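So you know, we letter chains A, B, ... as the sequences are listed, proteins then strands, and number each from 1. Heavy atoms only: backbone and side chains are in, while hydrogens, waters and symmetry mates are out. Since the structure is predicted, the reported quantities are computational estimates derived from the model, not experimental observations.
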Amino acid sequence: MYRDMTCGEPRQTDAGKVVTLSGWVHRRRDHGGLTFIDLRDYSGLMQVVFNEDSAREAHALAGDLRSEWVVKVKGTVQERRAGADNPDLPTGTVELIASDLTILNRSETPPFEVEDELNIADETRLRYRFVDLRRPRMYKNLKLRHDVIQAARTYMVGENFLEIETPILLKSTPEGARDYVVPSRVHPGEFYALPQSPQQLKQLLMVSGVDRYFQFAHCFRDEDLRADRQPEHTQIDLEMSFVEQEDVLQILEGLYTAMVKEVRPELEVPTPFPRMTYAEAIERYATDKPDVRFGMEVCRLTDIVAQSGFGVFEGVAKSGGAIRAIVAPGCADYTRRQTDELIEFVKSSGAQGLIPMHISADVSSVDEMTLEDVRSPIRNHVSLDVLRAVANEAGAGPGDLILIIAGTESVVNVAISNLRGEMGRRLELADPNTFNFLFVVDFPLFEWDDDRNGWAAMHHVFSSPRPEDADLLDSDPGAVLGQLYDLVLNGVELGSGSIRIVDREIQEKVFQLIGHSPEQVEERFGQLLRAFQYGAPPHGGMGLGLDRIVMLLAGEENIREVIAFPKTQAAVDPLFEAPGAITDEQLKELSIRVVDSGG
RNA sequence: GGCCCCGUGGUGUAGCGGUCCAACACGCCGCCCUGUCAAGGCGGAGAUCGGCAGUUCGAAUCUGCUCGGGGUCGCCA
């Protein structure tokens, strides 16, 4: 028998009880004849007292204890003497007066202490993840993730969704992300691919009459990593039959409010989740995943400055580019050094540069403004009228700083939306306790792919156009809007979904537009299209990043913090040292010969 | 693939051309100590400064390359 309670449990009401506790030695305070141990497990800390007078043997043994040793202690729970309470601990009014001590396991000196505040290099943490995860914050994150999953499952089951697992070993569908592949021993030269998402499988389940499916699905993508991207991640994957877009959105709203309410009931979650079209999001925020907790909307200055006399603007406008800006309120006093920092920031987002325009706080209004009230590299190149027009269009006033970026539409949008996020952080405009979910709807079905010089599916090839846009498939593919939607939270894309195409004619047009040959279509989608020939219900669904929502709920800024064993940016697991070589025997069995890459 | 930042005892940092065979804090080791809870006191061990090459009379410090970590653009249907 190892324990009667966990370390975090004992309270004053337990005083007098003889109990056994087990856990890790968090800290030892040795006063000679009296030794204190903070005994730790997942539930908390308990102070254990070893007294030389009353428990000579246990006290002697306690002197050997070191950090992270695993021990079992038997003793009596006792109220602490007056003035000796520790208000920082939930167990701080009691202590365990030890009578017996058993050392269950010794520990090497740990590579770092089990403390939340420590700032250890990620690689060291991952190499010793089993120690890292002992930190209360990490356990809290694991628990939070568990609770989110539980809340989601409870909600989905309550809405008549069936949880179904789908294969991890399947087939490569070379489109979108790079696949992780697994060689087949039985079929030399052939490979399985790990799913980038269970997309076709869940649609097959709809054809199978499942009606409503969900799964916590592992998804694998062999692409470069980011703070919010790991090579494998978990999606809350769902699909519903006989639904329209609004039916899916209703479920999503219910799901996410339920999850937040379960794990962070104090958070402000405005409902219903607002709907914003893709076009509106791009126009107002220059991104399809805006953080709508604060304003600072992005304006468009292209027409105003196209003939302003400033060469950069004129050139960009002439070549069909965009000139866009945001207003940093009250930031006119930004120093050269501060604006230089912002210039570096937008450069790292791909922009050529950034043009600041400071409007003096000493002027009463933009109309009263003179050249002397403006500080900007463009001041001497454009007229006062242009400066005023820029300020008015941007909605800037005295004391404000206008930040202008010029370039191609896509580059400007990336840079200015990143800059907006950065300024939002700097000025602390976003309330961390407000969760502003947002549905972005009416995405275009296709986007132009310069590399392939053709149309590509914005989401995936089974996403249905809006019924009213079906005719545009022939005349103007770029204008076709889809029954395509994203769920966005505080500037983070949580997931995408769509109503799927079940109309054969439309499906063929889409394949044609994307430039898939009939052979490619058969190779990649044959199984699903065949299924569709046997009675496919109208259906739609969504795939939602679990790691990201848990990250946001945990208040973390990196999904590694909410994944038990994540990988480094180079897709390496420092603990297992994965990936690694395999034996020659294994290679032979798999009919694989490793060619020196020459690197 | 591009760009930016980082790499000094176990951990986190300081040092940024000679006074550094490297400093501080925590941790670690030993001794003392019966009310601590980041215990305290005294003493001690531990890094050739990621690696390689170069500049220099002299390099932790400057340069180049390289490796590793982080962020980001591209990429992520």
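- In this structure, the CG atom of A:Asp64 is 14 Å from the C1' atom of B:rC29, given to the nearest Å.
- Distances from the side chain of A:Arg81 to the nucleotides B:rU72, B:rG35, B:rC37 place B:rG35 closest.
- Within 4.0 Å of A:Asn86, counting heavy atoms only, lies at least one base atom of the nucleic acid.
- For the C1' atoms, the distance linking B:rA60 with B:rG9 amounts to 14 Å, nearest Å.
- Distance, A:Ile37 CD1 to B:rG35 P: 17 Å, rounded to whole Å.
- B:rU61 and B:rG46: their C1' atoms are spaced 23 Å apart (whole Å).
- Heavy atoms of A:Glu95 sit under 4.0 angstrom from at least one base atom.
- Taking atom C1' in both B:rG35 and B:rU8, the straight-line distance is 40 Å, to the nearest Å.
- The base of B:rC37 is paired with the side chain of A:Arg80 by a donor and an acceptor separated by under 3.5 Å.
- Pair check for B:rU63 finds B:rA53; Watson-Crick or G-U wobble, both atom distances under 3.5 Å.
- Residue A:Ala570 is in sugar-phosphate contact alone, with no base atom involved, counting any heavy-atom pair closer than 4.0 Å across all strands shown.
- Within 4.0 Å (heavy atoms only), A:Asn51 reaches at least one base atom of the nucleic acid.
- In this structure, CG of A:Asp228 is placed 15 Å from P of B:rC76, rounded to the nearest angstrom.
- Of the candidate nucleotides B:rG35, B:rC26, B:rG69, B:rC26 has the atom nearest to the side chain of A:Glu113.
- One C1' atom belongs to B:rU19, the other to B:rA39, and the distance between them is 38 Å to the nearest Å.
- Counting any heavy atom pair closer than 4.0 Å across all strands shown, A:Arg560 reaches sugar-phosphate atoms only and no base atom.
- Searching all strands for a Watson-Crick or G-U wobble partner of B:rG68 with both distances below 3.5 Å returns B:rC6.
- Using a 4.0 Å heavy-atom criterion, one finds that A:Arg27 contacts the sugar-phosphate atoms exclusively.
- Between A:Ala98 and A:Val73, the shortest heavy-atom contact is CB-CG1, 3.5 Å.
- If A:Ser67 and A:Glu344 are placed on RNA chain B by their nearest nucleotide, the residue sitting closer to the 5' end is A:Glu344.
- At the heavy-atom level, A:Asp88 lies nowhere under 4.0 Å from the strands shown.
- Between B:rG41 and B:rG17, the distance separating the two P atoms is 36 Å to the nearest Å.
- B:rU11 sits 15 Å from B:rC49 when the P atoms are compared, rounded to a whole Å.
- Distance noted for atom C1' between B:rA23 and B:rG40: 24 Å (whole Å).
- Computed from coordinates, the A:Arg229 CZ to B:rG71 P distance equals 11 Å when rounded to whole Å.
- Taking the six-membered ring where the residue is Trp, A:Phe525 and A:Phe511 present parallel rings, their angle staying beneath 30° rather than reaching 60°.
- The base of B:rC76 does not come close enough to the side chain of A:Arg221 for any donor and acceptor atom to sit less than 3.5 Å apart.
- A gap of 12 Å separates the P atoms of B:rC5 and B:rU63, to the nearest Å.
- Under 3.5 Å, the side chain of A:Arg66 and the base of B:rG27 form no donor-acceptor pair of N or O atoms.
- The phosphate of B:rU36 has neither OP1 nor OP2 within less than 4.0 Å of any side-chain N or O from A:Gln47.
- Using cut-offs of 30° and 60° on the angle between ring planes, the pair A:Tyr139 and A:Tyr42 is tilted.
- Residue contacts for A:Glu123: at a heavy-atom cut-off of 4.0 Å it reaches the sugar-phosphate backbone alone, with no base atom in range.
- Using Watson-Crick or G-U wobble geometry with both donor-acceptor distances under 3.5 Å, B:rG43 finds its partner in B:rC29.
- You cannot call A:Phe112 stacked on the base of B:rU11; the centres under 5.5 Å and planes under 30° rule is not satisfied.
- For A:Phe36 and B:rG40, the CZ to P distance is 14 Å, given to the nearest whole Å.
- For the pair A:His31 and B:rA39, the ring geometry qualifies as stacking, because the centroid separation is below 5.5 Å while the planes lie within an angle under 30°.
- For B:rC33, its base never sits under 3.5 Å from the side chain of A:Arg29 at any donor and acceptor pair.
- At the heavy-atom level, A:Asp85 lies under 4.0 Å from base atoms of the strands shown.
- Within the structure, every side-chain polar atom (N or O) of A:Thr109 is placed at least 4.0 Å from both OP1 and OP2 of B:rG27.
- A:Lys140 has no carboxylate O lying under 4.0 Å from a charged side-chain N of A:Glu561, or vice versa, which leaves the two without a salt bridge.
- Residues A:Glu115 and A:Ala121 each lie close to RNA chain B; by heavy-atom proximity, the contact nearer the 5' end of the strand is made by A:Ala121.
- With rounding to whole Å, A:Asn119 atom CG is found 12 Å from B:rA14 atom P.
- Between A:Arg137 and A:Asp116, no side-chain nitrogen of the basic residue sits less than 4.0 Å from a carboxylate oxygen of the acidic one, so the salt-bridge criterion is not met.
- A salt bridge does not link A:Lys289 with A:Asp486: none of the charged nitrogens is closer than 4.0 Å to a carboxylate oxygen.
- A donor N or O paired with an acceptor N or O is found under 3.5 Å between the base of B:rG74 and the side-chain atoms of A:Asp224.
- One atom, CZ of A:Arg226, and another, P of B:rG69, lie 15 Å apart when rounded to the nearest Å.
- A:Glu556 and A:Asn141 are linked by a side-chain donor-acceptor pair at a separation below 3.5 angstrom, with hydrogens and angles left out of the test.
- Rounded to whole angstrom, the span from the CD1 atom of A:Ile120 across to the P atom of B:rG12 amounts to 5 Å.
- Side-chain polar atoms of A:Glu508 and A:Gln512 form no donor-acceptor pair below 3.5 angstrom.
- Residue contacts for A:Val414: at a heavy-atom cut-off of 4.0 Å it reaches the sugar-phosphate backbone alone, with no base atom in range.
- Side-chain contact of A:Gln215 with A:Thr166: a donor-acceptor pair under 3.5 Å is present, judged by distance alone.
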